[in-house]
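First up is the structure itself, then whatever we jot down about it.
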Protein chains: 2
Amino acid sequence: MKNLKLKAARAAMDLSQQELADAVHVSRQTVNAMEKGDYNPSIRLCLSICKVLGKTLDELFWEE
Amino acid sequence: MKNLKLKAARAAMDLSQQELADAVHVSRQTVNAMEKGDYNPSIRLCLSICKVLGKTLDELFWEE
DNA sequence: ACATTTTGTCAAGTATATTTTACAATTTGT
DNA sequence: ACAAATTGTAAAATATACTTGACAAAATGT
């Protein structure tokens, strides 16, 4: 259930979990949990992350 | 801050708030709050609604 | 006009996302 | 090999999503 698309998008921007967390004003553990999966973040947090990483909701959070 | 895209997509499927709520296993008040706006639902709930309404996350929840 | 369905809204309770602190495991750079 | 940064993880506290029950306003059908 890991979110590898998120992890990859963060890596592509050369950001640590801490840096991404700071950019969207959440804790590092929250970003870690999102990448780890089995987690259910809010849509606003997802939108914030999308904007920082230059991706859309579908690109980072859609699942078949 | 109303989510009119959600409201319109639900109307297009001819579903009441109650029927959509039942389909995604939340209360009618939760669906109402999402359409009303000033609300921050979970990504999983958004995904469930997308699948019922035949739309993507970007179509219903993206905002510039 | 009337009955029925749908919607808007509120207040109190429950479930869970998110924070904070802390520490071990892993990776990266020199 | 060593130091520093990054990541994985856990437990307790706090913030907030979501529920339940209830009632009025508005819309829809006959």
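Sequence lines set the chain letters: A, B, ... in the order given, protein chains first and strands last, and positions in each chain run from 1. We use all heavy atoms of the structure for the numbers below, so side chains are in, but hydrogens, waters and symmetry mates are not.
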For B/R10 and C/dT6, is the shortest distance between a side-chain N/O and OP1 or OP2 below 4.0 Å?
-> no
What nucleotide, of D/dT7, D/dA17, C/dT9, holds the atom closest to the side chain of B/N40?
-> D/dA17
For A/Q18 and C/dT21, give me the distance from atom CD to atom C1', rounded to whole Å.
-> 13 Å
Please round to the nearest 0.5 Å and tell me the distance separating atom CE of B/M13 and atom NZ of B/K55.
-> 9.5 Å
Quick one: bend of the helix from C/dA1-D/dT30 to C/dT30-D/dA1 from 5 pairs per end, to 10°?
-> 70°
Name the closest nucleotide to the A/T30 side chain, picking from D/dT6, C/dT18, D/dC18.
-> C/dT18
Take the protein atom CD of A/Q17 and the nucleotide atom C1' of D/dA5, then report the distance between them rounded to whole Å.
-> 12 Å
Separation between NZ of A/K36 and CE of A/M1, rounded to the nearest 0.5 Å | 12.5 Å
Side chain of B/Y39 only, please: which of C/dT18, D/dA17, D/dG8 is the nearest?
-> D/dA17
Between B/Q29 and B/P41, who's closer to the 5' end of DNA chain D by nearest nucleotide?
-> B/P41
Without swapping roles, check the side chain of B/N3 against the backbone of B/G37 for a donor-acceptor pair under 3.5 Å.
-> no
Look at atom NZ of B/K51 and say whether more than 12 heavy atoms of other residues, nucleotides or ligands are closer to it than 6.0 Å.
-> yes
Distance in Å, A/C46 SG paired with A/L57 CG, rounded so as to fall on 0.5 Å steps | 6.5 Å
Between D/dT6 atom C1' and A/E19 atom CD, what is the distance in whole Å?
-> 10 Å
How many Å lie between CD1 on A/I43 and C1' on D/dC18, as a whole number?
-> 16 Å
side-chain N/O B/N32 vs C/dT7 OP1/OP2, d < 4.0 Å = no
Once you round it to whole Å, what is the distance between C1' of D/dA5 and CG of A/D14?
-> 13 Å
So A/L15 and A/V52, side-chain contact (heavy atoms from CB on, under 4.5 Å) or not? Walk me through it.
-> CA-CA 10 Å; A/L15 294 173; A/V52 169; 4.2 Å; yes
Stepwise side-chain contact (heavy atoms from CB on, under 4.5 Å) check, A/I49 with A/M34 = CA-CA 11 Å; A/I49 288 181; A/M34 288 179 71; 3.7 Å; yes
Taking the side chain of B/S16 as its heavy atoms from C-beta onward, which of D/dT19, D/dT7, C/dT6 lies nearest to it?
-> C/dT6
Can you check the A/L20 CG to D/dG8 P distance for me, whole Å?
-> 13 Å
So which nucleotide from C/dT7, D/dT7, D/dC18 ends up closest to the side chain of B/S42?
-> D/dC18
Would you say the side-chain atoms of A/R28 pair up with the backbone N or O of A/D22, donor to acceptor, closer than 3.5 Å?
-> no
Roughly, in whole Å, what's the span from CG in A/D38 to P in C/dT16?
-> 14 Å
Within this structure, what is the CD1-to-C1' distance between A/I49 and C/dA17, rounded to whole angstrom?
-> 13 Å
Picking from C/dT19, C/dT9, D/dG8, which would you name as closest to the side chain of A/R28?
-> D/dG8
Please state whether the phosphate of C/dG8, meaning OP1 or OP2, lies under 4.0 angstrom from any side-chain nitrogen or oxygen of B/K2.
-> no
